[in-house]
Structure formats: structure tokens, C-alpha cells
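Shown next, in C-alpha cells, is the structure this report addresses.
Just so you know, ligand 1 is whichever comes first in the structure, and atom 1 is the first atom listed for that ligand. Just so it is clear, the structure is predicted and the values come from calculations on it, not from any experiment.
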Amino acid sequence: MQNSNIQKRSGQAGRIEELFRTGDLPDEELIQLIGQREPDSAEQLFEKARIRQQENFGHAVYLRGLIEFTNYCRNDCLYCGIRRSNRNCERYHLTKEQILDCCGKGYALDFRTFVLQGGEDMSYSDEEICGIVSEIKQQFPDCAVTLSIGERSRESYQKYFDAGADRYLLRHETADPEHYSRLHPKELSLENRTRCLFDLKEIGYQVGAGMMLQSPYQTIYHILADLRFLQSLRPDMIGIGPFIPHQDTPFKDEPAGTSELTLFMIGILRLMFPKALIPATTALGSIDPLGRERGILAGANVVMPNLSPSTVRDKYLLYDGKICTGDEAAECRFCMQSRIESVGYEVQVGRGDAPGFAGH
Ligand code: 5AD
Ligand code: FES
């Protein structure tokens with residue numbers, strides 16, 4: 001028994017060493033490593049991940065100011081609290097002036113990236129989105145604009161890019177088509193999501209993808225497919241976080257994911273994608289009070305404090321128990337800074353582009 005334990009541990013140690021050295025492992029080995037993870041191997045993985053993180057980024061952690069500018073959504077994703085059919089969700093959207101006001105406050109707090117995130121709210125025309133983007137770029141020329149507004153046509157993505165948008169976040173959520181169809185309404189497909197991501201890359205955006213972990217029906221084979229998908233897309237940013245149920249969705253009784261798996265996967269991603277921008281997400285901070293600090297120690301190098309006006313914060317609830325819904329922008333900003341410093345890292349002021357990219 002003791003013997004087999006030792007063997008298992010040295011097997012895991014060997015896998016981590018190999019992943020560290022080559023940035024990859026055969027399918028079976030990845031499945032073993034992720035499926036059999038143990039506290040000892042997690043610690044070893046995180047040590048290696050920190051080596052890669054520090055080689056590429058030193059001790060810098062990048063700040064992004066998240067502006068949740070609309071919770072209207074045409075979609076009905078089964079996991080999401082702002083899904084169309086949630087009648088209990090009080091809807092809001094911000095005007096251009098309100099968004100610019102958030103950016104002004106954010107700029108004074110050292111933010112040099114603004115992430116405009118929202119549901120798929122078709123009441124903003126492409127021209128309005130472009131107007132918002134170009135006005136932000138004009139007023140804050142040293143800032144990057146990231147859009148996170150879902151699936152659009154290639155033509156729309158091109159227009160936003162031409163208006164000055166630098167980056168786009170669109171998680172693929174799961175790379176298995178059948179699993180995808182169990183999490184989403186029938187109008188949505190992995191095929192179109194993939195099309196969007198490759199269009200965004202071709203246009204020239206810095207692109208972010210990523211998956212929810214331990215969403216309903218997820219298996220280890222789906223996680224393997226996610227990693228292979230990410231290898232084929234080669235995104236600049238990879239956002240992952242645990243699934244957390246929302247009381248007004250069909251998945252309300254499903255168990256939440258664990259911070260333990262999310263942290264382990266951050267470590268794996270750092271070794272497979274050494275130069276990627278990987279956030280320690282709000283969802284991770286929501287299921288684990290020290291989740292974001294632990295995320296940084298597992299290889300994450302981005303945090304996204306909330307810049308949304310406090311009047312709307314508690315309305316952008318994708319899942320239950322979301323943190324920071326009662327805090328002001330400045331509170332989150334300085335709270336994040338002390339969290340980052342508490343684990344020996346420092347806030348980097350600046351756009352924090354993906355390696356190889358500059359502003360356009
Ligand atoms: N639990 C965790 N993450 C969620 N997201 C949406 N709903 C949930 C949930 N219930 C994530 C999705 C989406 C991102 C903005 O938030 O991955 O891409
Ligand atoms: Fe919002 Fe800590 S990050 S209060």
C-alpha cells in the first residue's frame with residue numbers, strides 16, 4: 001500500500017516535471033495528472049508554475065477594470081443568472097456617459113485597461129458600441145479596451161476593432177460539442193463559438209477563451225478537450241473559474257465547483273501556455289475567500305476588480321454569492337492591491353498587453 005502510494009507520487013512528480021520541461025503531455029498522462037491530483041502534487045505544480053510566471057512576468061500582476069454595462073441578454077444559457085428567462089433579474093443598461101464616467105474614475109485609480117462586459121444586449125447598435133469604444137480611446141489614449149459582449153458576426157467584430165477595441169474575451173465554456181449543447185439553448189453551438197474566436201484572432205484582437213470547471217455533466221475528458229482546443233486556438237488570455245449555481249436557473253441544485261480544481265488547472269495552464277494572461281477570477285474569489293491570492297500563487301497574473309457603478313453591481317449576478325457587490329470601485333482597487341502584495345506580488349500600472357502586442 002505504502003509502496004503504491006510512493007509510486008503514484010513519483011508518477012505524478014514525473015508528469016509535472018515533463019509538463020514543465022516540454023509544455024505538454026500525452027492525453028493519458030494529462031488525464032492521470034488532473035484526475036489523481038493530490039495536495040503534494042498540487043504544491044509541486046504551483047512551484048513550477050511560479051517559475052514560468054516569474055520568467056515571463058516577474059512579480060507583476062495586471063489590473064483590469066471591469067465595467068458590467070448591461071445585464072440584458074438575448075441568450076438563455078442554463079447556468080447563467082442573467083439568462084433571458086430569469087424574470088427575477090432586474091435589468092439595467094448604462095448609457096455612454098455612465099460608461100465614460102466609470103472609465104474616468106478607473107483612470108484616476110490607475111486602471112489602464114477597461115473591460116466592457118455585458119449580456120448579448122442587442123439594443124446597442126454596432127454604431128453605438130463603436131461610438132463608446134472610440135470615445136474611450138480618445139479620452140484615454142494610453143488605455144486598452146477589452147470587449148466581452150458575446151457572439152457577433154465577423155463584420156461587427158471588424159467594426160469594433162476598427163473603432164479601437166484591442167482585446168476580446170469570449171470563453172468557449174466547454175470544447176465538447178455534446179457537453180456544450182447540455183449547457184446552452186439549442187440556438188447556440190460550439191461551432192459558432194469557435195467561429196467567433198477564430199474570426200477575432202484573424203482580425204487582430206488579443207483574444208481570451210476559457211472554460212467553466214465542474215459545470216454540470218463535465219468529465220475529465222471534457223477538460224482534456226478544453227486543453228486541446230486552447231492549444232489549437234492559442235489565445236492570449238485564458239479565463240477559467242468554477243461553476244457556481246444561481247438560484248433562478250435550471251442548474252440551481254447542481255453542486256458548485258471547487259477552488260482546488262480551479263487552482264490546479266491554473267497551474268497546468270501556466271505550464272502549457274507560459275506567456276498567457278490568466279486571471280484569478282471573481283468566481284474563484286467567491287467560492288474561496290483567499291481564492292484570488294491562491295490563484296496568483298498557482299500561476300495567475302491578472303486581476304479584474306469591479307468598476308461598475310455601485311447602484312447596478314448587485315444586478316449583474318451570474319451566480320449566487322458573488323463577492324464585491326457592495327463595494328465601491330476604489331475599495332476593490334485597494335483591496336486587490338493589498339491581496340496581491342500579501343503574497344509577494346505587485347500591481348503593475350499600464351496596459352498589460354499580451355506579449356507581442358502593442359496598442360493600435
Ligand atoms: N458560474 C460560474 N461562472 C459563470 N459564468 C456564467 N455563469 C456562471 C456560473 N453560474 C461565467 C461564464 C462566462 C463568464 C462571463 O462568467 O464562463 O463566460
Ligand atoms: Fe472587491 Fe476586495 S476586490 S472588495
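- Leu277 and Phe111 fall into different hydrophobic clusters, defined by Ile, Leu, Val, Met, Phe, Trp and Tyr side-chain heavy atoms under 4.5 Å apart, directly or through other members.
- Near Glu173, the atoms of ligand 1 lying under 4.0 angstrom from a non-hydrogen atom of the residue are 12 (C), 13 (C), 17 (O), 18 (O).
- Using modelled atom types and a 3.5 Å distance limit, the side chains of Gln32 and Glu28 yield no donor-acceptor pair.
- Under 3.5 Å, the side chains of Tyr107 and Asp142 contain a donor-acceptor pair of N or O atoms.
- Residue Arg171 has at least one heavy-atom neighbour below 4.0 Å for each of these atoms of ligand 1: 11 (C), 12 (C), 17 (O), 18 (O).
- The shortest contact between atom 1 (N) of ligand 1 and any protein heavy atom is with Ile244 N, 2.9 Å.
- Listed by chain and residue number, Asp353 satisfy the salt bridge (charged side-chain N to carboxylate O under 4.0 Å, His left out) test with Arg167 (two or more places apart in sequence, or in another chain).
- Under a hydrophobic clustering in which Ile, Leu, Val, Met, Phe, Trp and Tyr are joined whenever their side-chain heavy atoms come within less than 4.5 Å, directly or via other members, Val302 and Leu269 fall into different clusters.
- In this structure, the protein non-hydrogen atom closest to atom 16 (O) of ligand 1 is Leu318 CD1, 3.4 Å.
- The nearest protein atom to atom 7 (N) of ligand 1, hydrogens excluded, is given as Tyr79 CD1, 3.3 Å; this is a heavy-atom distance.
- Heavy-atom contacts of Met212 reach the following atoms of ligand 1: 2 (C), 3 (N), 4 (C), 8 (C), 17 (O) (cutoff under 4.0 Å).
- The nearest protein atom to atom 2 (C) of ligand 1, hydrogens excluded, is given as Pro242 O, 3.2 Å; this is a heavy-atom distance.
- Formation of a donor-acceptor pair under 3.5 Å by the Asn71 side chain with backbone atoms of Glu90 is found in this model.
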